[in-house]
Amino acid sequence: MTGGSPSRSPCDVSVRKRSVGGSFIVAVVVLVGGCSSNSENQPQGRAAIPGTEYRNAEYVIEGQRIKLADGLAEADISPGSASRIVTRYFGNELKTDLNDDGREDVVFLLTQQRGGSGTLFYAVAALNTEAGYLGSDGYLLGDRIAPQTTVVSRNPRHKNVIVVNYGDRRPDEPMTAQPSVDKSVHLKLDAETVRWGIVVPGFEGESR
């Protein structure tokens, strides 16, 4: 999810065609995020948090920097507004090395409430660097979903890919309905930009 002229972060896109019943299915796979050379894709000004407490790191949610304090952050929606944006550590932790540097990173879920009845769930990562934990951007899973497990992909061609499993509703169901549809998203973190990219499961290429 960097001084001077920003360098282009590699964006590895794999396209695979497969014949099924006489028709071709094309899978476009974005293996890492942060394809643009725009400096906005770089984690400028985001300092790593010394120590081992990733619940105090800074994360980016919908373009806004959120600095947690013991897993919680609150801010006014607008100056003078009675409503507040509340971002909170949820859990579902997965500890794994996301960038092959020999350090154990952490993937977990955050929730955010913005004054209404909704509760948005985001997947985030905390990279364990020499200077401390560096927070990623947040990948939106959905509103009032039912989180299940966060695991490392079992696909041998998926390198450093994590899978977030959760329950959701059908498009025609109201938000009051209980999540009953199993969903999964395969994510890979670009350690240069600290941004998520989506990996399409079951493709024939290799996630490098």
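Basis for what follows: all heavy atoms, side chains included, without hydrogens, waters or symmetry-related copies.
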Item to check | Sole candidate of Leu94, Thr129, Asn99 that passes side chain to side chain contact (heavy atoms under 4.5 Å, CB included) when paired with Asp105 | outcome: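 Of the listed residues Leu94, Thr129, Asn99, the side chain to side chain contact (heavy atoms under 4.5 Å, CB included) partner of Asp105 is Asn99.
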Next on the checklist: Would you say that Leu72 contacts Val86 through its side chain, given a criterion of any heavy-atom pair below 4.5 Å between the two side chains?
Outcome noted: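 Counting from C-beta outward, Leu72 and Val86 do come under 4.5 Å.
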Checklist entry - Within a strict 4.5 Å, meaning less than it, do heavy atoms of the Tyr139 and Val164 side chains meet? => result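 They are not in side-chain contact.
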Next on the checklist: Between Asn92 and Gln148 (side chain of the first, backbone of the second, donor and acceptor by atom type, cut-off under 3.5 Å), is there such a pair?
Outcome noted: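 Flag set: sc Asn92 to bb Gln148 pair under 3.5 Å.
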Checklist entry - Can you pull the ring pair (Phe, Tyr, Trp, His ring centres under 6.0 Å) pairs that have at least one residue in residues 170-194, sequence neighbours excluded? => result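 Only His158-His186 qualify under ring pair (Phe, Tyr, Trp, His ring centres under 6.0 Å).
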Measuring from atom [atom1] of [X] to atom [atom2] of [Y], what distance do you get when rounded to the nearest 0.5 angstrom?
X      : Y      : atom1 : atom2 : answer
Leu120 : Leu110 : CG    : CG    : 11.5 Å
Arg169 : Ile145 : CZ    : CD1   : 9.0 Å
Gln64  : Ile85  : CD    : CD1   : 7.0 Å
Lys188 : Asn160 : NZ    : CG    : 5.0 Å
Asp143 : Ser117 : CG    : OG    : 7.0 Å
Leu98  : Ile162 : CG    : CD1   : 7.5 Å

Checklist entry - Does the side chain to side chain contact (heavy atoms under 4.5 Å, CB included) test come out yes or no for Leu127 and Leu189, once each step is laid out? => result CA-CA 10 Å; Leu127 279 183; Leu189 191 72; 3.9 Å; yes
Next on the checklist: Check for me, please, whether Leu141 and Val152 land in the same ILVMFWY cluster - side-chain distances under 4.5 Å, paths through other members count.
Outcome noted: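 Same hydrophobic cluster.
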Item to check | Residue pair Tyr133 / Glu104: nearest heavy atoms and the distance that separates them | outcome: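 For Tyr133 versus Glu104, the nearest heavy atoms are OH-O, 4.0 Å.
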Next on the checklist: Are Phe121 and Tyr166, when compared by the centres of their aromatic rings, separated by less than 6.0 Å?
Outcome noted: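 Here the rings of Tyr166 and Phe121 have centres that are no less than 6.0 Å from each other.
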Checklist entry - Can you check whether Tyr122 and Tyr59 have ring centres sitting under 6.0 Å from each other? => result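 Tyr122 vs Tyr59: aromatic centres not under 6.0 Å.
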